K.L.:
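Dropping a structure here in structure tokens format, bear with me for questions.
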Number of protein chains: 2
Amino acid sequence: MTNTQTEENYLKAIYSLSLEETKGVSTNSIAKAMDTKASSVTDMVKKLAQKKLVDHIKYQGVTLTPTGQSIALNIIRKHRLWEYFLVEKLDFPWDEVHEIAEQLEHVSSKALTNRLDQFLGHPKKDPHGDPIPDVHGNVVISKDIRLSDLAKASTGIITGVLDSSKAFLNFLADNNLKLGSKIAVADIYDFDQSMVVLIDEKEKTILSNQVTKNLNINTND
Amino acid sequence: MTNTQTEENYLKAIYSLSLEETKGVSTNSIAKAMDTKASSVTDMVKKLAQKKLVDHIKYQGVTLTPTGQSIALNIIRKHRLWEYFLVEKLDFPWDEVHEIAEQLEHVSSKALTNRLDQFLGHPKKDPHGDPIPDVHGNVVISKDIRLSDLAKASTGIITGVLDSSKAFLNFLADNNLKLGSKIAVADIYDFDQSMVVLIDEKEKTILSNQVTKNLNINTND
DNA sequence: ATAAATTTTTAGACTAGCCTAAAAAATATA
DNA sequence: TATATTTTTTAGGCTAGTCTAAAAATTTAT
């Protein structure tokens, strides 16, 4: 009942793809996600099906069994806990941690994962704003809100824009506002709802309500 | 110029064995260390020789090339840094960390190793008292001393006994003094050189000079 | 509804790392 | 020094995971 790193990576990919699909996940989409060939996927899916980690009907798609899903969620839990560790404890920039976490996520000790979780103070979200599954595989899904709806002193991460005009995107770039940027609301002016925000713990800027209404934010809960 | 985990483990084993051998390391001893068969070792040694990580003369032994040695030392560095992390930050007992570090040592990011080293405060020794190679692969070898020679307020780890009589060993067992136990010298009485020590951060005990003269200690430097 | 295009699977082959059994070399013993 | 023992290597084969090329099934388009 132990799985190779490759098997774990397949399960993780199938899990992620199944979030965007109502039906089973296609062989081709897995191949794309794993950067491999469809024939290799067929082979591996056969193996995972034999281990009862996925269900597979030929030429239809693949779905995770409850066991397969719980393994996938455990890998994701570890991945996100390590990302949090790398950013919060080792001061890595948030956009450099994914590759490293891809390796750390396969370290198998349950005790390690749980002690790490405790050491980090049971974080709810990783540095990209993605929720960290708990030890039972439960994931809290939190909807994005507009930056304009974020309260004073709260923090969050930019996850999208509602206005995709060239002008707006240029404004964002000029002010170092990127997908993934961390936003802390320092103050809100009553008279026009403009916000004083701290971007990525560095630059303090004032954003008009016109701007804050058009930014999607993933809060840290 | 990237190596598999298996290759890394062979290099590590060859390095450790070469410390106890003046000549080249024998195929059989590697097989024993790696828990595999001699024929498998021959295969792998051939591969490592081709990669110029070891020198090999048929039927004579194996030695690491400078490149091979520096890779081995880097793995050992990572192993010991992670062990230190697990014990000091995650509160693992010192005798439970080896297996976990065996996995963590293969995570390949140089940035990770160096940031971890910094986060831990550049420790000189791991929880077992083994020296941690620096980023250039330099290892500080420190000779053991007698517990009786340890100064007040210093700490160290029990690495051996000079008196192996049944009576002495029983005394040690009764007082929770084991190989690897962490000893902190709380006080030394002038009149008989007896020591007040804290064992494994738990029990405070008085040890006579007769006892402390017969315990080898690896200091934290 | 039939042909064309796409997706998926099968067939056969490759590498890494391991194995057993047998051959070759080195070492120990008589 | 010749023989016996031990060590090491070779030969050939196995599994996991990958690949290419071709066949089979499905979907799309005419």
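Numbered from 1 within each chain, the chains take letters A, B, ... in sequence-line order. Given the structure is predicted, the values throughout are model-derived calculations rather than measurements.
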K.L.:
Counting only pairs under 3.5 Å, give me each side-chain donor-acceptor contact of residues 95-102 of chain A, with atom names and distances, residues two or more places apart or in other chains.
P.N.:
unit_1   : atom_1 : unit_2   : atom_2 : d
A:His98  : ND1    : A:His79  : NE2    : 3.2
A:His98  : NE2    : A:Glu102 : OE2    : 3.0
A:Glu102 : OE1    : A:Lys12  : NZ     : 3.2
A:Glu102 : OE2    : A:Lys12  : NZ     : 3.1

K.L.:
Rounded to whole Å, please give me the gap between CE in A:Met44 and C1' in D:dC19.
P.N.:
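From A:Met44 CE to D:dC19 C1': 14 Å.
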K.L.:
Of all residues at least two apart in sequence or in a different chain, which pass the ring pair (Phe, Tyr, Trp, His ring centres under 6.0 Å) check with A:Phe85?
P.N.:
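For A:Phe85, the residues satisfying ring pair (Phe, Tyr, Trp, His ring centres under 6.0 Å) (neighbours in sequence not counted) are A:Trp82, B:Phe85.
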K.L.:
B:Ile30 has an atom CD1; how far is it from atom C1' of C:dC18, in whole Å?
P.N.:
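Atom-to-atom, B:Ile30 to C:dC18, this comes out as 16 Å.
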K.L.:
For C:dC18 and B:Tyr10 - does any side-chain N or O of the residue sit under 4.0 Å from the phosphate oxygens OP1/OP2?
P.N.:
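It does, given that an N or O in the side chain of B:Tyr10 lies less than 4.0 Å from OP1 or OP2 of C:dC18.
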K.L.:
Residues in side chain to side chain donor-acceptor pair (under 3.5 Å) with B:Ser165, at least two apart?
P.N.:
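Side chain to side chain donor-acceptor pair (under 3.5 Å) list for B:Ser165, sorted by chain: B:Asp163.
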K.L.:
With sequence neighbours left out, write down each residue that passes side chain to side chain donor-acceptor pair (under 3.5 Å) with B:Asn9, or none if nothing qualifies.
P.N.:
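In terms of side chain to side chain donor-acceptor pair (under 3.5 Å), with neighbours along the sequence ignored, B:Asn9 is linked to B:His106.
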K.L.:
Could you work out, with side chain to side chain donor-acceptor pair (under 3.5 Å) as the rule, every residue matching B:Asp134, not counting sequence neighbours?
P.N.:
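Partners of B:Asp134 under the side chain to side chain donor-acceptor pair (under 3.5 Å) test: B:Asn138.
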K.L.:
Side chain to side chain donor-acceptor pair (under 3.5 Å) with B:Lys51: which residues, sequence neighbours excluded?
P.N.:
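Residues passing side chain to side chain donor-acceptor pair (under 3.5 Å) with B:Lys51: B:Asn3, B:Glu7.
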K.L.:
Starting from P on C:dA16, measure out to CG on B:Asn3 and report it in whole angstrom.
P.N.:
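After rounding, the gap between these two atoms is 13 Å.
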K.L.:
Once you apply a heavy-atom cut-off of 4.0 Å, does B:Ser40 come out as touching a base, just sugar-phosphate, or nothing?
P.N.:
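The residue B:Ser40 makes base contact.
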K.L.:
How many whole angstroms separate atom NZ of B:Lys37 from atom C1' of C:dA22?
P.N.:
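The distance from NZ of B:Lys37 to C1' of C:dA22 comes to 15 Å, rounded to the nearest Å.
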K.L.:
So if I define the base as every atom that isn't primed, P, OP1 or OP2, how would nucleotides 6-11 of chain C read as a B/S/- string at a heavy-atom cutoff under 4.0 Å?
P.N.:
-SBBB-
K.L.:
Does some side-chain heavy atom of B:Met44 sit less than 4.5 Å from a side-chain heavy atom of B:Thr6?
P.N.:
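The answer is yes; the side chains approach within 4.5 Å.
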K.L.:
Identify each atom pair where a protein N or O and an N or O of nucleotides 1-3 of chain D are less than 3.5 Å apart, giving names and distance.
P.N.:
none

K.L.:
With a 4.0 Å heavy-atom cut-off, tell me which residues in residues 11-24 of chain A come close to DNA chain D, sorted by residue number.
P.N.:
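Contacts with DNA chain D under 4.0 Å: none.
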K.L.:
Let me have the donor-acceptor pairs involving side chains of residues 63-75 of chain B, under 3.5 Å, with sequence neighbours excluded, atom names and distances please.
P.N.:
unit_1  : atom_1 : unit_2  : atom_2 : d
B:Thr65 : OG1    : B:Lys52 : O      : 2.9
B:Thr65 : OG1    : B:Leu53 : O      : 3.1
B:Thr65 : OG1    : B:Gly68 : N      : 3.1

K.L.:
Distance-only criterion, 3.5 Å: show the donor-acceptor pairs between side-chain atoms of residues 22-32 of chain A and protein atoms not counting sequence neighbours.
P.N.:
unit_1  : atom_1 : unit_2  : atom_2 : d
A:Ser26 : OG     : A:Ser29 : N      : 3.1
A:Ser26 : OG     : A:Ser29 : OG     : 3.0
A:Ser29 : OG     : A:Ser26 : N      : 3.4
A:Ser29 : OG     : A:Ser26 : O      : 2.8

K.L.:
In Å, rounded to the nearest 0.5 Å, how long is the span from OG1 of A:Thr159 to CD1 of A:Ile145?
P.N.:
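Reported value, rounded in 0.5 Å steps: 9.5 Å.
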K.L.:
In chain order, what residues pass the ring pair (Phe, Tyr, Trp, His ring centres under 6.0 Å) check against A:His128, with sequence neighbours excluded?
P.N.:
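Applying ring pair (Phe, Tyr, Trp, His ring centres under 6.0 Å) to A:His128 gives A:Trp94.
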